[in-house]
2 protein chains.
Amino acid sequence: MTETRSRLRADAQRNVEGIRQAALDVFRLGGLNTPLDEVARAAGVSKGTIYHRFGGRQGLIDAVVTDLVAEYISGIMTSVEAITDPVERFESYLRKIWLLQYDEPASNDVLLRALPGSEPLTTLCEHASEFAGRLLGEAQATGRIRDDLTPDDLYLLIWERGIIARACDQQPRDGYQRRFEYTLSGLRTPSVASV
Amino acid sequence: MTETRSRLRADAQRNVEGIRQAALDVFRLGGLNTPLDEVARAAGVSKGTIYHRFGGRQGLIDAVVTDLVAEYISGIMTSVEAITDPVERFESYLRKIWLLQYDEPASNDVLLRALPGSEPLTTLCEHASEFAGRLLGEAQATGRIRDDLTPDDLYLLIWERGIIARACDQQPRDGYQRRFEYTLSGLRTPSVASV
DNA sequence: TCTTTACTTGACTCCATAGTCAAGAAATAT
DNA sequence: ATATTTCTTGACTATGGAGTCAAGTAAAGA
């Protein structure tokens, strides 16, 4: 009855779904800047249709980014929650985020981006920031993590890692990992007897 | 007499000099990927002339890169040589290289090794690598720098920093500096009593 | 079935950059 | 002063991606 409001035509509906799916696949692999033609090709549709249905890259990202990213990030948060030692919990969080940035270009883009659109994503990011801030505070309370480290530093350390991950294309994963461990260990309170 | 061999015409000579100068200025400011049209404009010459005289970007870079970069790098090496404490010397070297990467986009491009050509530059880079390796070894001999750190790690830490510096455009210098200190401190031997 | 309306298409424009080249301009040689 | 040679130019092609739209196609409604 009243449900007929603004219903898409059958083919349009099919296409919207196809495009969403294609965008998920393509973005997952290549990040959020992959040319839209590739998405179109993957969806078996012309580029025009994407613009028509989603209004361009930003719209498409908005339509897809939550499915693409949210569960990774909240997954990390909950998985880390289980760790009891505050320092270990904090470090584990950072490690997982940093690996996510390497493994998932799209998630990395989200973590890097201004991403002005997409309200739920903004919420998620803020949530994650608060979470990270809390972990940091708790870890610092043990005295084993430097207390000159601010939540802002944390954000920027993640930003830097993202920039690196983006450029790492060819670099092997374990080298990336090996190197971020150095930074991680630099966040611990230095031993007192330093020259 | 025999000196007349392969002499450029007066205007050509003037242009070559003008272009070199312009390239120095423009590359210094914007790095080695600045559009050649900008160099041409700065030299008051058409793009075609640059291609004609230098054979393209690579040729132009070759003609300019030594003046643009060599003295910075060798300057750092000699200035650091004066420091007596091996650890301080090693760390000071890294700090200076990392700041150079922030301050001088062109030097950064060179350190990132976009440049297969240019023999003297390659030599310089190898020289610097050996130098850094030596500093590392000496610093490790004190026991105060982690001994699992390899010269290769060092190279990649510089590479990573360069990637960051490139993206840092808007970021303030002191934040950049602040953050690389964390990594630096992560290179020191950790205190024994860990967890 | 035919009409109406919603949808899709691909060819088009636009932008920024790399790189080329025929024709005109300028220096040099005589 | 003219012929010769060397240079320079700017308009041209090519690339790769964003974004648009008139015209054609297909679904829905009668």
Side-chain angles (χ1 to χ4, degrees), chain A residues 1-23 26-27 29-64 105-106 109 113-114 116-117 166 169, chain B residues 1-23 26-27 29-64 105-106 109 114-117 166 169:
Chain A
M1 333 237 113
T2 51
E3 221 207 84
T4 326
R5 207 68 298 275
S6 88
R7 191 67 152 294
L8 289 181
R9 223 172 70 176
D11 52 350
Q13 223 166 325
R14 235 180 297 124
N15 283 335
V16 166
E17 243 331 287
I19 292 170
R20 258 185 52 83
Q21 199 49 57
V26 169
F27 284 164
L29 215 76
L32 302 178
N33 296 308
T34 314
L36 290 192
D37 305 65
E38 253 173 71
V39 178
R41 191 153 11 93
V45 128
S46 111
K47 188 173 37 157
T49 303
I50 295 183
Y51 280 93
H52 198 353
R53 288 283 150 237
F54 295 90
R57 154 162 282 117
Q58 192 53 55
L60 183 55
I61 290 176
D62 286 353
V64 128
D109 287 340
R113 248 304 145 119
R166 237 185 215 176
D169 254 5
Chain B
M1 334 232 110
T2 52
E3 221 208 81
T4 326
R5 207 66 300 273
S6 90
R7 189 70 151 294
L8 288 181
R9 225 173 68 176
D11 51 350
Q13 225 167 322
R14 234 182 299 125
N15 282 336
V16 167
E17 244 331 287
I19 292 169
R20 258 185 52 83
Q21 199 48 56
V26 169
F27 284 164
L29 215 76
L32 302 178
N33 297 309
T34 315
L36 289 192
D37 306 64
E38 253 173 71
V39 178
R41 191 151 14 90
V45 128
S46 114
K47 185 174 40 157
T49 304
I50 295 183
Y51 280 94
H52 198 350
R53 289 284 149 236
F54 296 90
R57 155 165 281 118
Q58 192 54 56
L60 184 55
I61 290 176
D62 286 354
V64 129
D109 287 340
L115 311 192
R166 238 185 214 175
D169 256 3

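What you see is a predicted model; the values in this text were computed from it and never measured. Numbered from 1 within each chain, the chains take letters A, B, ... in sequence-line order.
- Between the CG atom of B:Leu60 and the C1' atom of C:dA18 there is a distance of 14 Å, rounded to whole Å.
- As a whole-Å value, the separation of B:Arg7 CZ from D:dC7 P is 12 Å.
- One finds no side-chain N or O of B:Arg57 lying less than 4.0 angstrom from the OP1 or OP2 phosphate oxygen of C:dT17.
- As rounded to whole Å, 16 Å separates atom P of C:dG19 from atom CD of B:Glu38.
- The interatomic distance linking A:Phe54 (CZ) with D:dA18 (P) rounds to 16 Å, in whole Å.
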Which pairs would a plain distance check flag for residues 30-46 of chain B, meaning a side-chain donor or acceptor within less than 3.5 Å of a matching protein atom at least two apart in sequence or in another chain?
{"unit_1": "B:Thr34", "atom_1": "OG1", "unit_2": "B:Gly30", "atom_2": "O", "d": "3.4"}
{"unit_1": "B:Thr34", "atom_1": "OG1", "unit_2": "B:Gly31", "atom_2": "O", "d": "2.8"}
{"unit_1": "B:Ser46", "atom_1": "OG", "unit_2": "B:Gly48", "atom_2": "N", "d": "3.1"}

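- Among D:dA27, C:dT8, D:dC7, the nucleotide with an atom closest to any side-chain atom of A:Ala10 is D:dA27.
- Between B:Val16 and B:Arg53, the shortest heavy-atom distance links the atoms CG2-CD, 3.4 Å.
- Taking every heavy atom of residues 43-52 of chain A and every atom of DNA chain C, pairs under 4.0 Å involve A:Val45, A:Ser46, A:Gly48, A:Thr49, A:His52, by number.
- To the nearest angstrom, P of C:dT28 lies 9 Å from CZ of B:Arg14.
- Straight-line distance from the CG atom of A:Asn15 to the P atom of D:dA27: 11 Å, rounded to whole Å.
- Atoms CD1 and CD, on B:Ile19 and B:Gln21 in that order, are 12.0 Å from each other to the nearest 0.5 Å.
- You'll find the side chain of B:Phe27 stays beyond 4.5 Å of the side chain of B:Asp109, heavy atoms only.
- Atom CG in A:Asp11 sits about 13 Å away from atom C1' in C:dT9, given to the nearest Å.
- Spacing between atom CG of B:Leu36 and atom P of C:dT20 amounts to 12 Å, rounded to whole angstrom units.
- Within the model, atoms CD1 of B:Ile61 and CZ of B:Phe54 stand 12.0 Å from one another, a figure rounded to the nearest 0.5 Å.
- Between the side chain of A:Arg9 and the base of D:dA26, at least one donor-acceptor pair of N or O atoms lies under 3.5 Å.
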